[in-house]
Amino acid sequence: MQARTMQDVLDASQPSDWRELDPARTLYMELDSGRVVIELAPQFAPAHVANITAMAREGYWDGLAIVRSQDNFVVQWGDPNADDAAKKKPLGSAKAKLPAEFERPAKGLAFHALPDRDGWAPQVGFVDGFPAARDEAANVAWMAHCYGAVGAGRNNDADSSTGAELYVVTGQSPRQLDRNITVVGRVVHGIERLSVVPRGTGPLGFYEQPEQRVAIRSVRLASQVPAAERTALQLLRTDTPTFDALVESRRNRRDDFYKRPAGHIDLCNVPLPTRTPPAAAK
């Protein structure tokens with residue numbers, strides 16, 4: 001029997017293999033180039049997600065900017081005047097102090113493990129579509145810094161992030177950041193609108209001149225947007241036999257191009273397919 005490709009697996013998928021985004025924990029970032037869709041992860045960072053949703057509801061990021069683009073690393077956005085007490089934008093009802101949420105108890109999570117070893121954690125896999133890792137012996141789990149992961153920028157103090165300054169991984173997965181920064185979600189659509197912004201010319205990729213920044217039109221919860229204006233999107237579930245088959249198709253690629261199957265896959269190299277719902281695509 002010929003091995004199935006990833007496309008074969010997706011073509012054979014059933015409606016139950018896909019899920020819808022929850023509008024109450026989905027962000028729409030509107031740029032001049034279009035919309036970026038971010039799924040938040042309250043199961044890993046409840047305090048940060050609560051702050052972020054409060055800021056989105058109140059329009060905190062409207063008119064702010066992408067302030068940093070570091071090659072092969074991250075794109076970051078927030079208030080360019082965040083370090084100036086006289087000029088920084090108020091947080092509104094969001095809290096100015098949050099606990100660090102680098103990890104959480106592993107118990108209680110529906111963890112769908114990958115079959116291969118990982119160099120950064122005893123075990124890796126997925127929780128509700130989010131790449132994650134865990135140490136069962138220590139009863140801790142955390143989200144991984146894979147491409148598209150969204151984190152809360154901080155200073156040296158572990159509890160110095162509020163969710164007002166966010167970044168997305170746009171380069172090689174910096175897994176050394178795992179358990180050192182609070183990860184709040186991941187970009188599920190429109191990552192190309194962030195990964196292609198011009199690289200910053202200053203240290204760490206920060207823009208040195210105001211005119212270099214990329215303007216943010218708005219950031220809203222999907223639940224604030226009329227249903228007809230929402231992005232029609234389904235995500236492949238990561239807790240099904242179909243997903244396991246997809247992972248296997250990428251662990252051992254047997255199409256004509258590949259001469260030697262790898263027999264291994266890295267957590268951050270597992271594809272996370274999305275699609276326009278069939279009814280919306282007609």
Side-chain angles (χ1 to χ4, degrees), residues 4-29 35-46 48-50 52-53 56 104 106 108-115 123-134 141-151 168-169 183-193 219-251 265 267-282:
R4 292 196 293 173
T5 66
M6 185 176 80
Q7 192 59 54
D8 291 334
V9 173
L10 294 177
D11 288 344
S13 67
Q14 300 300 309
S16 59
D17 292 317
W18 300 85
R19 65 183 177 90
E20 308 284 343
L21 287 165
D22 179 354
R25 59 183 184 94
T26 301
L27 294 180
Y28 288 164
M29 173 191 280
R35 175 177 288 174
V36 178
V37 182
I38 298 169
E39 183 179 27
L40 299 173
Q43 60 273 64
F44 283 96
H48 281 75
V49 168
I52 289 167
T53 55
R104 57 147 289 164
L109 283 178
F111 194 95
H112 196 78
L114 289 182
Q123 191 175 47
V124 293
F126 292 84
V127 176
D128 299 331
F130 295 100
R134 70 178 175 183
W142 58 94
M143 284 179 63
H145 272 80
C146 294
Y147 183 79
V150 176
V168 61
V169 175
V183 183
V184 301
R186 68 182 179 98
V187 173
V188 297
H189 181 74
I191 184 69
E192 70 280 0
R193 305 189 196 286
V219 176
R220 291 282 186 273
L221 288 167
S223 58
Q224 294 176 278
V225 176
E229 298 175 17
R230 296 176 190 170
T231 299
L233 196 66
Q234 289 183 332
L235 285 66
L236 189 72
R237 289 174 50 191
T238 55
D239 59 351
T240 66
T242 292
F243 183 72
D244 291 339
L246 180 141
V247 169
E248 184 59 26
S249 75
R250 304 300 284 186
R251 289 179 73 240
I265 194 165
L267 171 66
C268 293
N269 281 339
V270 175
L272 296 168
T274 63
R275 72 177 186 181
T276 299
K282 293 180 181 178

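Here, residue 1 is the first one in the sequence, and each next residue gets the next number. FYI, side chains are in, hydrogens and waters are out, and symmetry mates aren't considered; it's all heavy atoms of this structure.
With rounding to the nearest 0.5 angstrom, the CD1 atom of I38 is 13.5 Å from the CZ atom of R25. With rounding to the nearest 0.5 Å, the separation of CZ in F126 from CE in M143 is 10.5 Å. Rounding to the nearest 0.5 Å gives a distance of 11.5 Å between CG of L27 and CZ of R35. One finds the OH atom of Y28 at 9.0 Å from the NE2 atom of H189 (value rounded to the nearest 0.5 Å). If you take CG on D11 and CE on M6, they are separated by 10.0 Å, rounding to the nearest 0.5 Å.
Minimum interatomic distance between D239 and H112 (heavy atoms only, all atoms of both residues): CA-ND1, 3.7 Å. Residues L233 and E20 share a closest heavy-atom pair of O-OE1, 3.4 Å.
Using a 4.0 Å cut-off between charged side-chain N and carboxylate O, E229 and R220 make no salt bridge.
By the 4.5 Å heavy-atom criterion applied to side chains, F130 and C146 are not counted as neighbours. In this structure, L10 and R275 have side chains that are not in contact, with every pair of non-hydrogen atoms separated by 4.5 Å or more. Taking the side chain as every heavy atom from C-beta outward, R251 and L114 never approach each other to under 4.5 Å.
Every residue was checked against the salt bridge (charged side-chain N to carboxylate O under 4.0 Å, His left out) condition with R186, not counting sequence neighbours, and none meets it. Scanning for side chain to side chain donor-acceptor pair (under 3.5 Å) contacts around Q123 gives R134, with sequence neighbours left out.
Among T274, L272, L246, the one residue that satisfies the side chain to side chain contact (heavy atoms under 4.5 Å, CB included) test with L236 is L246.
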